[in-house]
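These numbers come from the heavy atoms of this one structure, side chains and all, not from hydrogens, waters or symmetry mates.
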Amino acid sequence: ENTAQYCLAGVVDRGTVENCWSSSDITISGGYDYLSVGGIAGGMHSGGMIKNCYFAGTATGIKVAAGICGWGQGHYEGYVGQIYNCFNMGQLVAETKYAIGRYSKNITATNQARAMYNNYYFDSSCTAYSWSRGNTLVSKGQLGSGYLAYILDKNSTLGGSPVWSQGALFPELRKTA
């Protein structure tokens, strides 16, 4: 039985999803409280990573919707899925909306420090974790001015190769040959 829906990746397990985006609309249905939806991945654990990604669609859940990852595990010391250098400007529809990602309520303090950092979101009605490092609300002006593209590109970890550029309305991933 599937407990999460996603746009690009099911469950990220020890792997990496990077340099991708989705503007898809995704909906999860059913009557289970634990069902969640994520704009890029449905779930992540065991050291998986999502980096340099963005979501610009609509994610509709029952209880939970998240911009990047619908559920992350982090209750085993040293094993936590990481979300790094991503942004969400998508619409989230659910009882609880997590701007970037949702994690297990039993996530350890050590794992909290590594779980989510240098991420940005546009919807001020989203829930943000008090322990996340650098999950920052951005304005429409910051999306369109080049500011966010500059910050994302400066923090991308691809050995100096540019990853982000400013599109007409918001930061976009650079096209590669």
request  = Check the pair Trp21 / Glu172 against side-chain contact (heavy atoms from CB on, under 4.5 Å), numbers first and verdict last.
outcome  = CA-CA 9 Å; Trp21 61 276; Glu172 296 176 347; over 6 Å; no
query = Hey, mind stepping through Tyr84 and Asn155 against side-chain contact (heavy atoms from CB on, under 4.5 Å) and telling me if it holds?
reply = CA-CA 9 Å; Tyr84 172 73; Asn155 291 303; 3.7 Å; yes
key: Test log, rule side-chain contact (heavy atoms from CB on, under 4.5 Å), inputs Tyr121 and Ile68   = CA-CA 10 Å; Tyr121 62 99; Ile68 303 298; over 6 Å; no
query = Could you walk me through whether Leu152 and Phe87 pass the side-chain contact (heavy atoms from CB on, under 4.5 Å) check?
reply = CA-CA 9 Å; Leu152 288 165; Phe87 82 93; 3.6 Å; yes
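Criterion: ILVMFWY side-chain heavy atoms under 4.5 Å apart, direct or through other members. Under it, Tyr147 and Leu173 are part of a common hydrophobic cluster.
Here the shortest heavy-atom pairing between Ala115 and Val80 reads CB-CG2, 3.9 Å. Ala94 and Ala65 get closest at one heavy-atom pair: CB-N, 3.6 Å. Contact between Ala66 and Gly101 at its shortest, heavy atoms only, is CB-CA, 4.1 Å. Of all heavy-atom pairs spanning Ile40 and Cys20, the tightest one is CG2-SG, 4.4 Å. Of all heavy-atom pairs between Leu137 and Gln142, the closest is O-OE1, 4.2 Å.
The shortest side-chain heavy-atom distance between Thr60 and Ile26 does not fall under the 4.5 Å cut-off. Side chains of Leu143 and Pro171 form a contact here, defined as non-hydrogen atoms less than 4.5 Å apart. Side-chain contact between Tyr117 and Asn135: absent, with no pair of heavy atoms (C-beta onward) separated by less than 4.5 Å. Counting only heavy atoms from C-beta outward, the side chains of Ile83 and Tyr103 approach each other to under 4.5 Å. When side chains are defined from C-beta on, Val37 does not count as touching Thr27, because their heavy atoms never get closer than 4.5 Å. When side chains are defined from C-beta on, Ser165 does not count as touching Asp153, because their heavy atoms never get closer than 4.5 Å.
Distance check, rounded to the nearest 0.5 Å: CZ of Arg102 to NZ of Lys63 gives 10.5 Å. A distance of 12.0 Å separates CG in Asn111 from CE in Met116, rounded to the nearest 0.5 Å. In this structure, Lys140 NZ and Ser145 OG are separated by 13.0 Å, a value rounded to the nearest 0.5 Å. Taken from SG in Cys69 to CD1 in Ile50, the straight-line distance is 4.5 Å, to the nearest 0.5 Å. Summarising the geometry, atom CZ belonging to Arg174 is positioned 12.0 Å from atom CG belonging to Asn52; distances are rounded to the nearest 0.5 Å. Gln82 contributes atom CD, which lies 5.0 Å from atom CZ of Arg114 (distance to the nearest 0.5 angstrom).
In this view, Tyr98 and Tyr129 satisfy the ring pair (Phe, Tyr, Trp, His ring centres under 6.0 Å) rule, not counting sequence neighbours. Residues passing the side-chain hydrogen bond (donor to acceptor under 3.5 Å, both in side chains) test with Ser125 are Lys97, Asp123, sequence neighbours excluded. For Phe170, the ring pair (Phe, Tyr, Trp, His ring centres under 6.0 Å) partners at least two apart in sequence or on another chain are Tyr54.
A side-chain donor from one of Asn85 and Asn118 sits under 3.5 Å from a side-chain acceptor of the other.
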